[in-house]
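Just so you know, these numbers use all the heavy atoms, side chains as well, and skip hydrogens, waters and symmetry mates. All values reported here derive from a predicted model rather than from experimental measurement.
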Amino acid sequence: MSAWLDDAVFYEIYPQSFNDSNADGIGDLPGVIEKLDYVLELGCNALWLNPCFVSPFGDAGYDVADYCMVAPRYGTNADLERLFAEAHARGMHVLLDLVPGHTSIEHPWFKESCRAEPNEFSGRYVWTDDVWTPVGDVPGVNGVLRGISERNGAVAVNFFAFQPALNYGFYHVTEPWQSAMDSPKALATRQAMKDVMAFWLERGCDGFRVDMAGSLVKDDPEQEGTIALWQDMRAFLDERYPNAVLISEWGEPDKTIRAGFHMDFLLQFGTSHYMDLFRCEHPWFAREGAGDASEFVATYRRNMELTDGRGLMCIPSGNHDMDRMRKFLDPEEMKLAFAFIMSMPGCPFVYAGDEIGMRHLDVTSVEGGYQRTGARSPMQWDAAAPNFGFSDAPAEKLYVRQDGAEDAPSVAAEMADESSLWSEVRRLIALRRSTPALGVNAAVEFVYCEKNAYPLAYLRSVREEGGQRVLVALNPAQRPAEVACDGRAARTLYSLGEAAELASGTLRVPACSATFIELA
């Protein structure tokens with residue numbers, strides 16, 4: 001595993017919404033470079049950059065038209081290489097967003113595959129052998145596109161209708177038009193994606209967050225074929241780029257770690273019960289105290305067992321596909337949520353704007369965002385500046401409109417207030433970095449978590465004998481809690497609200513509090 005992950009706290013940047021340097025209303029790469037020192041001051045030392053490649057932007061850049069060319073609205077390839085260099089000069093690392101499962105219909109590969117005459121790209125996508133032949137009910141396929149080409153066939157799509165599925169083969173081949181995983185067509189696609197990774201790794205990229213990582217091989221219900229594919233990808237990287245990091249959008253750590261990914265992060269879909277904590281009718285971190293964290297903990301424990309402690313399960317504050325955390329929790333409740341995120345194993349992820357409590361907006365869909373668009377509004381840097389300092393463009397030209405409320409949060413105001421959410425997140429990141437037992441790979445043992453109950457208590461510990469041990473006690477509810485707990489307190493490392501106390505086998509946790517207790 002790349003050593004820098006041991007100290008990594010990630011910051012996700014949605015480039016079109018982060019910082020606009022040329023007054024066109026859309027964020028860009030020079031704008032990201034301008035704000036690297038801000039990200040570092042918060043405490044984050046790694047970036048996940050959402051797709052910034054040439055695209056018709058029907059799905060905000062996840063419909064790639066050229067994997068090896070920066071979209072002009074963001075800048076140039078040279079700008080991206082400069083971002084890598086500027087980040088590295090600050091001790092930071094950058095992961096790009098790799099979309100290996102599909103392209104845009106505007107990609108030259110797809111245009112060539114649409115031709116009636118056979119060519120080297122005829123097998124690059126999942127085509128049937130006749131325009132009237134459907135793909136069928138195949139796991140990993142989300143529809144079909146037909147009647148758009150001179151080629152006699154229908155093409156599978158991965159997500160939206162304009163995102164044709166790249167052909168990595170079928171795990172179960174049942175039709176003559178289907179390719180086996182080891183067929184020349186499928187292997188050519190795999191090699192093309194290796195070439196894309198190599199292109200950016202050669203230019204300073206540190207690795208990739210992989211979009212829809214579990215979707216590549218079709219009719220692969222147990223995903224064994226996709227796991228084998230990624231093991232091959234990892235072997236390629238280990239040989240040529242051994243420090244390249246892979247993070248999966250998969251949501252099943254037992255599969256992704258075996259597949260060769262360094263980490264998997266918890267998602268708004270799947271089996272993790274992550275949403276029970278921050279995003280549901282009764283989030284566990286809401287002060288009403290009506291939530292349930294037990295299913296999350298049970299699943300987390302099961303995934304720890306399935307992965308034998310290998311790899312990282314990462315917990316994000318949110319991402320560009322989720323409703324903002326602020327939709328469900330207010331800033332004081334969010335402080336407790338961040339106390340959890342920054343004290344769990346794995347690399348924490350902060351979605352840009354969550355550190356100041358940006359709201360989820362009710363806005364018209366932009367670039368295929370639909371409900372997700374509300375989490376993609378431009379960063380609010382300074383309320384005293386036009387467009388919160390995001391852009392000098394007229395407001396009507398902004399990528400997405402901004403929060404118009406009088407109390408809309410801004411970076412400038414939050415940084416000036418020692419009691420703000422931003423300041424709390426910064427303190428938590430600094431404490432995490434200075435406390436070995438709160439580190440990426442330190443062990444976790446859940447001490448107390450019962451169904452529909454509070455508090456949540458867990459022990460973080462350095463794995464070496466005699467290593468530091470820290471008890472984390474979280475109680476967002478408006479009522480105090482008291483549970484049996486062994487151990488002897490040495491000192492309180494951190495408290496938000498009134499500090500919890502551990503004495504005589506009892507842990508007393510005040511209402512609306514978070515406490516980190518170093519044990520003797």
Side-chain angles (χ1 to χ4, degrees), residues 1 5-7 253-254 257 263-266 271-274 276-277 284-285 291-315 336-348 428 431-477 481-496 499-509 513-520:
M1 184 179 295
L5 289 178
D6 291 344
D7 189 42
D254 59 311
I257 303 307
M263 41 186 165
D264 190 31
F265 58 85
L266 303 184
T271 59
S272 72
H273 286 273
Y274 161 87
D276 297 355
L277 304 177
W284 192 84
F285 276 97
D292 180 22
S294 65
E295 292 295 333
F296 167 83
V297 169
T299 306
Y300 194 94
R301 280 172 166 156
R302 185 162 60 252
N303 280 327
M304 284 197 301
E305 293 168 2
L306 289 170
T307 56
D308 294 323
R310 295 176 295 112
L312 307 176
M313 291 183 283
C314 303
I315 302 175
L336 291 167
F338 271 106
F340 167 76
I341 291 168
M342 295 302 167
S343 62
M344 283 288 284
C347 297
L428 284 161
L431 179 62
R432 175 188 177 88
R433 191 157 281 136
S434 65
T435 307
L438 298 180
V440 167
N441 291 299
V444 63
E445 175 189 350
F446 292 94
V447 174
Y448 182 85
C449 181
E450 299 294 334
K451 188 170 182 62
N452 300 319
Y454 293 76
L456 175 62
Y458 46 94
L459 183 66
R460 298 294 315 279
S461 56
V462 175
R463 295 179 188 275
E464 291 77 23
E465 188 169 341
Q468 184 187 44
R469 297 184 302 150
V470 173
L471 178 67
V472 177
L474 304 172
N475 182 23
E482 186 175 295
V483 297
C485 183
D486 295 329
R488 185 164 59 88
R491 60 179 176 139
T492 297
L493 296 178
Y494 169 85
S495 63
L496 179 62
E501 296 180 351
L502 174 62
S504 304
T506 300
L507 177 64
R508 296 178 177 85
V509 191
S513 71
T515 311
F516 302 172
I517 302 170
E518 185 173 20
L519 300 184

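Using a 4.5 Å heavy-atom cutoff, the side chains of Leu496 and Leu428 are not in contact. Looking at heavy atoms from C-beta onward, Leu438 lies in side-chain contact with Phe516 at the 4.5 angstrom threshold. A heavy-atom distance below 4.5 Å is not found between the side chains of Tyr448 and Leu507. Side-chain contact between Asn441 and Leu312: present, with at least one pair of heavy atoms (C-beta onward) separated by less than 4.5 Å. You'll find the side chain of Met304 reaches within 4.5 Å of the side chain of Met313, heavy atoms only. Looking at Phe296 and Leu456, their side chains never come closer than 4.5 Å, going by heavy atoms from C-beta outward. In this structure, the side chains of Ser343 and Tyr458 come closer than 4.5 Å at one or more pairs of heavy atoms. Residues Arg432 and Pro348 form a side-chain contact, since some pair of their non-hydrogen atoms from C-beta on lies under 4.5 Å apart.
Glu518 places no side-chain N or O within 3.5 Å of a backbone atom of Leu493 that could act as its donor or acceptor partner.
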Between Thr515 and Thr492, is the side chain to side chain contact (heavy atoms under 4.5 Å, CB included) condition met? List the steps. CA-CA 7 Å; Thr515 311; Thr492 297; 3.9 Å; yes
So Val472 and Phe340, side chain to side chain contact (heavy atoms under 4.5 Å, CB included) or not? Walk me through it. CA-CA 8 Å; Val472 177; Phe340 167 76; over 6 Å; no
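Residue Asp486 qualifies as open at atom CG: its count of foreign heavy atoms under 6.0 Å is 12 or below. Other residues, nucleotides and ligands place no more than 12 heavy atoms under 6.0 Å from the CD atom of Glu501.
Considering all non-hydrogen atoms of both residues, Ala442 and Ser461 come closest at CB-O, 3.5 Å. Closest heavy-atom contact between Pro436 and Ser434: CD-O, 3.6 Å. Counting all heavy atoms, side chain and backbone alike, Trp284 lies closest to Ala293 at CD1-N, 3.3 Å. The shortest heavy-atom contact between Cys449 and Ser294 is SG-CA, 3.6 Å. Heavy atoms only, all atoms of each residue included: Tyr494 and Ala339 are closest at CE2-CB, 4.5 Å. When all heavy atoms of Val462 and Gly467 are compared, the pair lying nearest together is CB-CA, 3.9 Å.
Taking the salt bridge (charged side-chain N to carboxylate O under 4.0 Å, His left out) definition, one finds that Arg508 meets it with Glu482, sequence neighbours left out. With sequence neighbours excluded, the residues forming a side-chain contact (heavy atoms from CB on, under 4.5 Å) with Thr299 are His273, Arg302, Asn303, listed by chain and number.
The distance from the CG atom of Asp264 to the OG1 atom of Thr307 is 10.0 Å, given to the nearest 0.5 Å. In this structure, the separation between CZ on Arg488 and CD1 on Ile517 is 13.0 Å, given to the nearest 0.5 Å. Within the model, atoms CZ of Arg469 and CZ of Arg460 stand 14.0 Å from one another, a figure rounded to the nearest 0.5 Å. Atom CG of Asp276 and atom CZ of Phe285 lie 11.5 Å apart (nearest 0.5 Å). With rounding to the nearest 0.5 Å, the separation of CE in Met263 from CD1 in Ile257 is 9.5 Å. Put simply, CG on Leu277 and OG on Ser272 are 8.0 Å apart, with the number rounded to the nearest 0.5 Å.
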